[in-house]
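Report on the structure given below.
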Number of protein chains: 2
Amino acid sequence: MITSFTEENYLKSIYHLSPDEGTAVNTNAIAESLNTKAASVTDMLKKLADKEFINYIKYQGVTLTPLGRERALNIIRKHRLWEVFLVEKLNFKWDEVHDLAEELEHIHSDLLINRLDEFLEFPKTDPHGDPIPDKNGKFNVPELIPISKLKNETLGIISGVREHSPLFLKYLEKTGLVLGQEITIKEQIEFDGSFIISIKENDIMISREVAKNLLIAI
Amino acid sequence: MITSFTEENYLKSIYHLSPDEGTAVNTNAIAESLNTKAASVTDMLKKLADKEFINYIKYQGVTLTPLGRERALNIIRKHRLWEVFLVEKLNFKWDEVHDLAEELEHIHSDLLINRLDEFLEFPKTDPHGDPIPDKNGKFNVPELIPISKLKNETLGIISGVREHSPLFLKYLEKTGLVLGQEITIKEQIEFDGSFIISIKENDIMISREVAKNLLIAI
DNA sequence: AATAATTTTTAGATTAATCTAAAAATATAA
DNA sequence: TTATATTTTTAGATTAATCTAAAAATTATT
């Protein structure tokens, strides 16, 4: 079954908005995430339901069918592998690759993406630490915890982000908060929820907002 | 000025159908090359003329404006660089890359394509011997001559093809008629216009049809 | 449980790209 | 040079994706 770029973006959006597999996703949430209107979403949901990519009951939101989930993961796989390519081979920064990957993810060829995977030596994560599904859609969800939930004196390695905006990523880069960096949580300031963490022998302060969006492997 | 995939395919088609810059291209020729109908072409020509990519006079065919030519060459540049990438880095065969490059050529980013160009070490030709325009749209047209126009005892190097169908390319590959291969024209058979050529100490026969589509640098 | 607020869907348009069929213009041939 | 053939354009529909405005359904609140 052929899918248009638009359909693929809807499937991806529904996937990303599902906290777990069974929970239904709202029309409005999809509309917001795709910068479109609820009426447009309803139209597309009917179409995706016809094609058996989603389970759709009027007014009740949607869930992905196994077929829809497979397709969504295939697109996410492509997105993340292209991101690795852009960063590893073409020297893009991690804050520059998202929009390009949004285009590249829609290139329709499993052979191409599997060759790319091989060329990149089967990376397990993308430049933001997000896991890359293998050709069968399987991937490990690493157990990452936001700094905001960690206790003082915890030692860990920066391994992912919850927020992918270029502004946030550039800030992290500038501050040395890059993937793989070891840090220690020193203390939380009660007043505003900000944190003092130590990184490379220095103590630095990060806001609660940053702490919530920086993921650590312990 | 943003261009849709469709508009880009029209520009590319018009470029490829212009034997030289001044000569107008017919509506029907475009329709045939894009597998569409003349009525659809007329509609699109009006649009491209509005956007100042082409000079269009009703019933008189079209030529590219400098802007249209620039855009066409930019797409061709992308197409050919992606083909090099697919062959050199992802181990595709020269008969497998066309359709993929048709998709990849529409990725909108000059930065990406310039980085790719650099990564590939600024190739001058694609896997079929076609020249790759540089970032300013400049390229050398190599002087290539079809075997069918060469005299006996001419020695030359296979450097391009006039026909890009996978069937033809696979045949060439199987027969050892690959880019860079040195050959000598031995004789032409008057009866059917076929040729006997020598390649790696062996004499082989190729049809007139093949001889017309195999380009040689002398 | 009735009312208010919110969410979602329907109805009816719009735009880009396409089509078929018919009309108009151009090119070719008697 | 008139008639015929071919090419191109116009007219009017169609499809995918979108929109606004209004109606319907669901959820929240008194």
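Proteins get letters first, then strands, A, B, ... in listed order; numbering begins at 1 in each.
Distance from the side chain of B:A39 is smallest for C:dA21 among the nucleotides C:dT18, C:dT8, C:dA21. Here C:dT8 is the nucleotide among C:dT8, D:dT18, D:dT8 with the atom lying nearest to any side-chain atom of A:N28. For A:T6, taking side-chain heavy atoms from C-beta onward, the closest of the listed nucleotides C:dC19, D:dT18, C:dT8 is D:dT18.
At a threshold of 4.0 angstrom between heavy atoms, the contacts of B:Y56 are confined to the sugar-phosphate backbone, with no base atom among them. Backbone-only contact: B:Y10 has heavy atoms under 4.0 Å from sugar-phosphate atoms and none from a base.
Rounding to whole angstrom units, CD of residue B:E7 and P of C:dT15 are separated by 16 Å. Between B:L48 atom CG and D:dT9 atom P there is a gap of 13 Å when expressed in whole angstrom units. Whole-Å rounding puts the B:L45 CG to C:dA16 P distance at 16 Å. Rounded to whole Å, the distance from CG on B:L34 to P on C:dC19 is 10 Å. Regarding B:D50, its CG atom lies at a distance of 11 Å from the P atom of C:dA16, rounded to whole Å. To the nearest angstrom, C1' of D:dA16 lies 16 Å from CZ of B:F5.
Distances shown here put every side-chain N or O of B:K46 at or beyond 4.0 Å from the OP1 or OP2 atom of D:dT9. For the OP1/OP2 pair of D:dA23 and a distance below 4.0 Å, the side-chain nitrogens and oxygens of A:Y59 include no atom meeting the criterion. One finds a side-chain N or O of A:K37 lying less than 4.0 angstrom from the OP1 or OP2 phosphate oxygen of D:dT20. Residue B:K58 has no polar side-chain atom (N or O) positioned under 4.0 Å from OP1 or OP2 of D:dT8. B:N26 has a side-chain polar atom (N or O) that falls below the 4.0 Å cut-off from OP1 or OP2 of D:dT8. Taking only side-chain nitrogens and oxygens, B:S4 never comes nearer than 4.0 Å to OP1 or OP2 of C:dA16. Of the side-chain N and O atoms in B:T42, none sit less than 4.0 angstrom from OP1 or OP2 of D:dT10.
Annotation: cation-pi pair A:R71/A:F53 absent, no NZ/CZ under 6.0 Å from the ring centroid and within 45° of its normal.
The residues B:K12 and B:E102 are annotated as salt-bridged, a charged nitrogen and a carboxylate oxygen being separated by less than 4.0 angstrom.
Comparing A:Q60 and A:S40 by the nucleotide of DNA chain D whose heavy atom lies nearest to each, the residue mapping closer to the 5' end is A:S40. Nearest-nucleotide mapping onto DNA chain D: of A:M44 and B:D43, the residue sitting toward the 5' end is B:D43.
Ring planes of B:F85 and B:W82: perpendicular class, angle over 60° (limits at 30 and 60°). The aromatic rings of A:F5 and B:F5 lie perpendicular to each other, with more than 60° between the two planes, well past the 30° mark.
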(request) Report the C-alpha separation of B:E21 and B:R69 in whole Å, then their side-chain angles, then the decisive distance to 0.1 Å, and conclude whether the salt bridge (Lys or Arg N to Asp or Glu O under 4.0 Å) test is met. (result) CA-CA 9 Å; B:E21 276 191 52; B:R69 190 182 141 83; 3.6 Å; yes
